[in-house]
Amino acid sequence: MVTCPECESSVVPAVAPVIGEIVECGECASELEILTLDPIRAALAPEIEEDWGE
């Protein structure tokens, strides 16, 4: 279980989370990225920027 940095509610990741996995907060719909597994830590997922193919 991790805490959402936006609304501080509890978020339960999948049974076997993977580093880099994106989970969604059920309260505020923020996307969180799993950073570490032991202990499980998550932070706001980075915004996807437009790719100009450069």
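Because the structure is a prediction, the values reported are computed rather than measured. These values consider heavy atoms only, across backbone and side chains, with no hydrogens, waters or symmetry-generated copies. Starting from 1, each residue takes its place in the sequence as its number.
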Side-chain heavy-atom pair S10, V2 within 4.5 angstrom cut-off: no
dist E6:CD -> L44:CG (nearest 0.5 Å) comes out at 4.5 Å
Between V11 and C4, the two heavy atoms sitting closest are CG2-CB, 4.1 Å
In residues 14-34, what donor-acceptor pairs under 3.5 Å come from side-chain atoms, sequence neighbours left out?
residue : atom : partner : partner atom : Å
E21     : OE1  : V18     : N            : 3.0

